[in-house]
Amino acid sequence: EEVGAAKPASEIFHVALRVLGQRPERCLFIGDHEDYDMGGALRVGMPAHLVDRVLNGSSLRDLIESVEQDFAR
């Protein structure tokens, strides 16, 4: 609402990238809804990962390590 766009609109992802000062390929979007989360991120060129559970510190760390290994390949 603050930026006048909401997921899955590409603009909300572009705003996040501008705020972070990053290129899409240098970020990872983690979401739990295939259409709203994955679609929007992928349309702007941002890698995305779909989760089916709430992430706590440990499970988030495991996910990040897994994704880092995938990117290293």
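Side-chain contact check for D32 versus D37: some heavy-atom pair is nearer than 4.5 Å. Looking only at side-chain heavy atoms (C-beta outward), H33 and P8 stay at 4.5 Å or farther from each other. Side chains of V3 and E11 form no contact here, defined as non-hydrogen atoms less than 4.5 Å apart. Contact check for F13 versus K7: side-chain heavy atoms found under the 4.5 Å cut-off.
Nearest heavy-atom pair across P47 and P24 is CD-O, 3.3 Å. Scanning all heavy atoms of the two residues, the minimum distance from M46 to C27 falls at CG-O, 3.9 Å. When every heavy atom of V44 is checked against every heavy atom of H14, the shortest pair comes out as CG1-NE2, 3.3 Å.
The cluster map of Ile, Leu, Val, Met, Phe, Trp and Tyr, joined by side-chain heavy atoms under 4.5 Å apart, puts V51 and V54 in different clusters. Two different hydrophobic clusters hold L28 and M38 under the rule that ILVMFWY side chains link at heavy-atom gaps under 4.5 Å. Under the 4.5 Å side-chain heavy-atom criterion for grouping Ile, Leu, Val, Met, Phe, Trp and Tyr, V19 is connected to F29 within one hydrophobic cluster.
Note that CG of L42 and OG of S10 are 10.5 Å apart. Values are rounded to the nearest 0.5 Å. For the atom pair I30 CD1 and I64 CD1, the distance stands at 6.0 Å (nearest 0.5 Å). Once rounded to the nearest 0.5 Å, the distance linking CG of D52 with CD of E34 reads 12.0 Å.
The environment of CD in E65 is crowded: more than 12 heavy-atom neighbours from other residues, nucleotides or ligands sit within 6.0 Å.
Of the N and O atoms on the side chains of S59 and N56, at least one donor lies less than 3.5 Å from an acceptor on the other residue.
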